[in-house]
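Structure record follows, encoded as structure tokens.
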Amino acid sequence: MKRLLYFPDWQLRWKFLFIFLALVMIPMIAFSLFIYSQANQAIQLQAIDNTKSHLEKVEDNMSAAILSIEDISSYMIYSNDFRTFLTTPSTPENQIRLKHLEERINGYVVFHLNSKPYLDSITLTGLHNSRIHIGTPLEKNEEGVWERKAKALYGKVFWSEAYTITDDWGRKKKVVSLFRVINDINNITRPIGLVTIRLDAAKLYQLIETDSKSLQQTFVLDHNQKVVLHHDPSLIGKTYPDKKFMNMTLQQKEQGGSFLYEKESEQYHVVTQPLEGTDLVLVAIVDKANVAEGLKKIMDSIIMMMVVLTLFGILAMAGFYHFNIKRIVRLTEQTRQVEKGDFSANVLVHSRDEIGLLGLRFNKMVERIQHLIEKEYKMEIRSREADLKLLQSQINPHFLYNTLDMIRWTARLENAMDTSKLIEQLSKMFRISLNRGKPWITLEAELTYSQSYLALQKRRLGKKLEFTLYCEAGIMEAQVLKQLIQPLIENSLQHGFENMRKIRKIYIRCFQEENRLVIDVMDNGKGFSPEEAASAMRGGFALQNIQDRLTSAYGDRGALEIRKKESGGAWVRLVFPFDADKSEGDCYDAESVDCGR
């Protein structure tokens with residue numbers, strides 16, 4: 001009974017139901033109820049936090065804008081073009097030079113006018129009455145009070161209050177301007193000019209404007225309680241009309257914060273944020289009524305969400321069981337069938353997801369197991385036949401090798417040295433092919449085998465055959481499958497030079513390439529056309545046999561390639577892993593076929 005209550009032993013469907021209820025439905029319902037009970041307080045605090053976050057972003061935007069304008073004035077101090085313009089007298093002989101300077105200055109200023117929409121115009125006045133104005137043309141200059149205050153700061157930045165300017169077309173606009181005396185960089189107490197940079201208040205207000213419905217308004221005040229930026233242009237440059245509001249705002253100016261403000265029986269959250277490095281303060285007013293109205297919708301949405309999510313949760317649980325767990329249960333039932341020895345088990349697969357792929361692999365596995373069982377006895381019979389053939393292949397070469405060795409010594413006794421040499425070459429071939437019945441020999445032995453075969457062929461063909469064997473140093477002890485090269489040589493002699501009268505040339509080279517051993521067999525015969533190469537790889541006995549042996553021994557790392565030879569002829573390359581020490585301990589000894597005993 002206790003075992004049945006152990007959670008890991010539960011059926012998958014009951015586990016899923018328990019996890020769904022415990023970790024999804026119950027927490028969701030509890031969390032929704034908690035949100036519902038706390039929403040009234042949280043929504044108000046969230047509105048204030050959002051407003052503070054908004055003001056922090058506005059502060060970053062305003063600070064970046066102010067800093068960029070101050071950087072422009074600082075650049076004028078260090079720029080050689082600006083200093084030269086300010087110190088060059090406006091005389092006839094200097095007009096060309098001043099014109100060139102104006103063009104460069106104009107390019108610099110126009111760039112900033114285009115990249116900063118709130119930048120209205122820049123006026124630069126020099127030591128010798130040289131003057132340049134770029135931007136909105138003005139009907140007249142600003143009042144001298146701003147210039148006097150700037151000059152009294154001896155080169156420090158001075159920001160004006162918001163004021164009105166009139167352009168040449170009689171249009172009026174509100175601006176905030178930077179005034180700064182430009183001093184000689186070589187003598188910082190010597191003024192050489194004055195720069196005025198005007199910012200359009202309406203366009204600058206776009207940096208603090210927001211589409212939030214809870215924010216009734218956002219504006220900027222200066223230290224004199226005057227409005228610097230506001231959505232109502234008529235208030236810009238004037239003292240804010242609500243004195244009670246201003247007094248409460250100024251109390252929060254230094255450190256920033258929020259307070260509740262009531263006017264005409266309506267309550268507002270007021271959030272303030274000082275603009276770092278200036279005497280300005282950002283003010284945002286949040287209407288509590290709008291926030292409360294949004295709260296009602298949120299509460300209704302929470303209730304609706306709870307109902308909808310509960311229904312969807314039930315549907316999701318039923319759907320997940322039907323489309324996933326049920327298929328796993330069926331797969332489990334089929335595995336029990338296989339466990340009982342019934343290999344007709346099969347899972348119906350209707351999708352390609354992970355469970356579907358698992359079903360496909362299960363079907364393939366069952367089919368493979370059934371195939372292996374059916375072929376087991378045939379494979380065993382073939383294995384016994386192979387063992388018998390291997391035994392026969394060991395008996396026949398021994399007899400033939402000993403017979404050839406006897407004939408070789410008889411030829412020497414009869415002083416037939418050429419015949420003895422030929423028999424010796426043939427004997428070497430049989431000795432290497434014997435190799436104790438093992439498939440692995442050294443590369444040196446394989447090359448010796450191929451050289452003996454070529455020597456016998458040269459004795460038959462005479463001057464019509466030339467061959468070269470090349471082997472890179474240090475790889476002669478590499479272990480390779482025996483009789484890889486000789487079939488390729490035989491293929492060249494039988495097919496590559498068919499109906500050809502020219503001298504037959506065969507070139508064999510062996511070298512190491514990284515961790516691979518490469519063997520090239522090339523001739524000057526008729527070569528392979530693309531169709532012949534494909535046919536040879538599919539149906540050619542020698543090439544197909546070598547490829548099969550390489551694949552069997554090395555898998556995908558062993559390959560036979562037919563390559564294109566620019567000078568004509570055939571080029572076959574064997575590539576397989578470089579292995580200098582086979583774990584099986586196979587060997588070849590040039591003097592005895594019984595090495596390693």
Side-chain angles (χ1 to χ4, degrees), residues 429 432-433 439-458 460-461 464-472 475-476 478-580 582:
M429 291 181 62
I432 294 171
S433 65
W440 300 97
I441 60 175
T442 64
L443 177 61
E444 180 181 8
E446 176 67 10
L447 291 175
T448 301
Y449 183 86
S450 300
Q451 185 178 18
S452 297
Y453 178 77
L454 285 168
L456 290 171
Q457 292 293 340
K458 185 170 179 60
R460 180 174 64 88
L461 297 173
K464 294 181 180 180
L465 175 63
E466 294 180 0
F467 62 88
T468 303
L469 282 80
Y470 166 78
C471 183
E472 185 179 51
I475 65 172
M476 294 293 278
Q479 297 289 320
V480 300
L481 288 171
K482 68 181 180 181
Q483 294 184 343
L484 282 179
I485 302 175
Q486 185 272 334
L488 298 177
I489 299 172
E490 184 176 356
N491 207 53
S492 293
L493 293 173
Q494 289 185 359
H495 305 291
F497 301 110
E498 189 175 5
N499 299 325
M500 296 182 66
R501 296 184 178 181
K502 64 180 181 180
I503 297 177
R504 300 166 173 82
K505 295 183 179 180
I506 295 177
Y507 177 63
I508 301 169
R509 65 181 178 188
C510 308
F511 59 93
Q512 183 180 357
E513 188 177 75
E514 295 180 351
N515 60 344
R516 303 185 307 168
L517 185 62
V518 179
I519 299 176
D520 287 332
V521 178
M522 295 176 280
D523 63 38
N524 64 335
K526 61 182 182 180
F528 295 97
S529 66
E531 294 77 14
E532 290 173 339
S535 176
M537 289 300 297
R538 289 194 303 268
F541 178 77
L543 299 184
Q544 183 66 49
N545 179 265
I546 294 174
Q547 177 65 70
D548 291 344
R549 293 175 64 202
L550 289 174
T551 303
S552 176
Y554 302 107
D556 295 338
R557 299 180 300 166
L560 182 146
E561 304 170 3
I562 297 179
R563 315 196 74 171
K564 184 178 180 181
K565 194 165 178 281
E566 297 296 335
S567 59
W571 179 5
V572 179
R573 168 168 287 188
L574 305 177
V575 182
F576 45 87
F578 180 84
D579 192 353
K582 296 298 293 182

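Only this structure's heavy atoms are used, side chains among them; waters, hydrogens and symmetry mates stay out.
- Here the side chains of L465 and L493 are in contact, with some heavy-atom distance below 4.5 Å.
- Using a distance-only test at 3.5 Å, with no hydrogens or angles considered, no donor-acceptor pair links the side chain of Q544 to the main chain of I546.
- When side chains are defined from C-beta on, R549 counts as touching L484, because their heavy atoms get closer than 4.5 Å.
- Ring pair Y554/F576 is parallel by interplanar angle, where below 30° counts as parallel and above 60° as perpendicular.
- Judged purely by atom type and a 3.5 angstrom limit, K482 has no side-chain atom pairing as donor or acceptor with the backbone of Y449.
- Side-chain contact check for E444 and T448: no donor-acceptor pair (N or O, by modelled atom type) lies under 3.5 Å.
- Within the 3.5 Å criterion, the main-chain N or O of A570 finds a donor-acceptor partner in the side chain of D523.
- Nearest heavy atoms, L517 versus F511: CD1-O, 3.6 Å.
- Within a 6.0 Å sphere centred on NZ of K505, heavy atoms belonging to other residues, nucleotides or ligands number 12 at most.
- A 4.5 Å side-chain heavy-atom check between Q479 and T442 finds at least one atom pair inside the cut-off.
- Judged by distance alone, the side chain of E446 and the main-chain N or O of Q483 form a donor-acceptor pair under 3.5 Å.
- Side-chain contact between L454 and K458 is absent, with no heavy atoms from C-beta onward closer than 4.5 Å.
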Exercise for review: Show the numbers, then the answer: is there a side chain to side chain contact (heavy atoms under 4.5 Å, CB included) between I508 and Y470?
Suggested key: CA-CA 6 Å; I508 301 169; Y470 166 78; over 6 Å; no
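- The closest donor-acceptor contact from the side chain of E466 to the backbone of I503 lies at 3.5 Å or more, if one exists at all.
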